[in-house]
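The figures here come from the full heavy-atom set of this structure, side chains too, leaving out hydrogens, waters and symmetry mates.
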Number of protein chains: 2
Amino acid sequence: MKNDIAEILKRNQLSVTESRAKILELFHESRSALAHADIENKTDESYDRVTIYRTLQTFVEKGIIHTIPTADNSVLYALCKDECTQGKHNDNHVHFICDICGTTYCLDHITVPEINLPKGFTPHCTDVVASGICKNCK
Amino acid sequence: MKNDIAEILKRNQLSVTESRAKILELFHESRSALAHADIENKTDESYDRVTIYRTLQTFVEKGIIHTIPTADNSVLYALCKDECTQGKHNDNHVHFICDICGTTYCLDHITVPEINLPKGFTPHCTDVVASGICKNCK
DNA sequence: AAAATATTTGCAACAAAGTTGCATACTGTT
DNA sequence: AACAGTATGCAACTTTGTTGCAAATATTTT
Ligand SMILES: [Mn+2]
Ligand SMILES: [Mn+2]
Ligand SMILES: [Zn+2]
Ligand SMILES: [Zn+2]
């Protein structure tokens, strides 16, 4: 496991540091999306806020994690499961945010539908975020 | 026009104040979504930041405007055109954010498609935000 | 394995965004 | 015109995110 994590970092031309390994591990362990604050908490504030910001940013650039837009102005991150690479994200799946427990799921098997836009609009990517009650809270 | 604006406020049981009228007018004049900062600028900073925050919050509660989720952690607001009321929003249309000019459009005539969620997930509302190149920037 | 080089980290200082309490000003009502 | 209710602006504060830089750590070279 520890080795797997290091492997992923190396594959992405990132030097293997404690904070990066730990944060990446958190994402692999978690079944749901994580916010910056979640990471601070789950690491017992062992790492500086700035380091976490920079790590998340790096991971997004490398195509290791993707961001999830939310209505309440908080940024969430989750592992990319598709073949995302440096600068080329391809996470065209639906996200679900539970109104009760707040958990955010990547529904990897539900792909975002084609949307018929008006003339003149050329889509580059489409985000679909559903909210409601999740399987654990019903 | 001025009277229309006052009418809308009264209809929503809001007292008619200069800032509320001006901000609501801005939304009616604008063809695109507005951020808090846009409103500060377009009003020449005549109103306190706090007043703008509180006005936007009030308008959202009353169903006069709705928020639009964005990937970059900025909150956008736009007029509700459907029959939204106090606490009951019904803005099930697609939004489009232009990667070039940054303009955010409510595509009022494009309704969000039905999404087939996995067993156990009950959707309450669904946000669809497409991004790409808009009609003005192509 | 040690030295040299490249990269990352943590700190400090800052900037931007959002919140709260309270006195003053304004709106709608009597 | 006076009153009661509400909204505004200010100050003070919190939370979130950014930047420069020296010290620490990781990788490469010898
Ligand atoms: Mn996802
Ligand atoms: Mn809209
Ligand atoms: Zn839940
Ligand atoms: Zn555009």
Taking CG from B:L56 and P from C:dT19, how many angstroms apart are they, rounded to a whole number?
-> 11 Å
No-H, no-angle donor-acceptor pair, B:R54 side chain to C:dG18 base, under 3.5 Å = no
From CZ of B:R49 across to C1' of D:dG9 the rounded distance in Å is 12 Å
Touch class at under 4.0 angstrom, heavy-atom based, for B:R20 against every strand present = sugar-phosphate
Take atom CD1 of A:I39 and atom C1' of D:dG17, then tell me their distance rounded to the nearest Å.
-> 15 Å
To the nearest Å, how far apart are B:I52 CD1 and D:dG9 C1'?
-> 12 Å
Are any of A:N73's side-chain N or O atoms less than 4.0 Å away from OP1 or OP2 of C:dA17?
-> no
Would you kindly give the CG-to-P distance between A:L14 and D:dT28, to the nearest whole Å?
-> 12 Å
To the nearest Å, how far apart are B:Q13 CD and D:dG5 P?
-> 17 Å
For the residue pair B:F59 and B:F27, is the inter-centroid distance of their aromatic rings smaller than 6.0 Å?
-> no
Rounded to whole angstroms, how far apart are CD on B:E45 and P on D:dT8?
-> 18 Å
Output the single nucleotide from C:dG18, D:dC10, C:dT9 whose closest atom is nearest the side chain of A:T55.
-> C:dT9
Find the distance between CD1 (A:I23) and OG1 (A:T17) and round it off to the nearest 0.5 Å.
-> 8.0 Å
Phosphate OP1/OP2 of C:dT9: any A:T17 side-chain N/O under 4.0 Å | yes
Among C:dT7, D:dT16, C:dT9, the one nearest any side-chain atom of A:Y53 is D:dT16
For residues B:S74 and B:D72, is any side-chain donor paired with an opposing acceptor at under 3.5 Å?
-> yes
Minimum heavy-atom distance between A:L107 and A:H93, given as atom pair plus value = O-CB, 3.4 Å
Starting at CG of A:L9, measure out to NZ of A:K62 and round the result to the nearest 0.5 Å.
-> 10.5 Å
Side-chain N,O (B:S15) to OP1/OP2 (D:dT6) below 4.0 Å | no
How many Å lie between OH on A:Y47 and P on C:dC11, as a whole number?
-> 13 Å
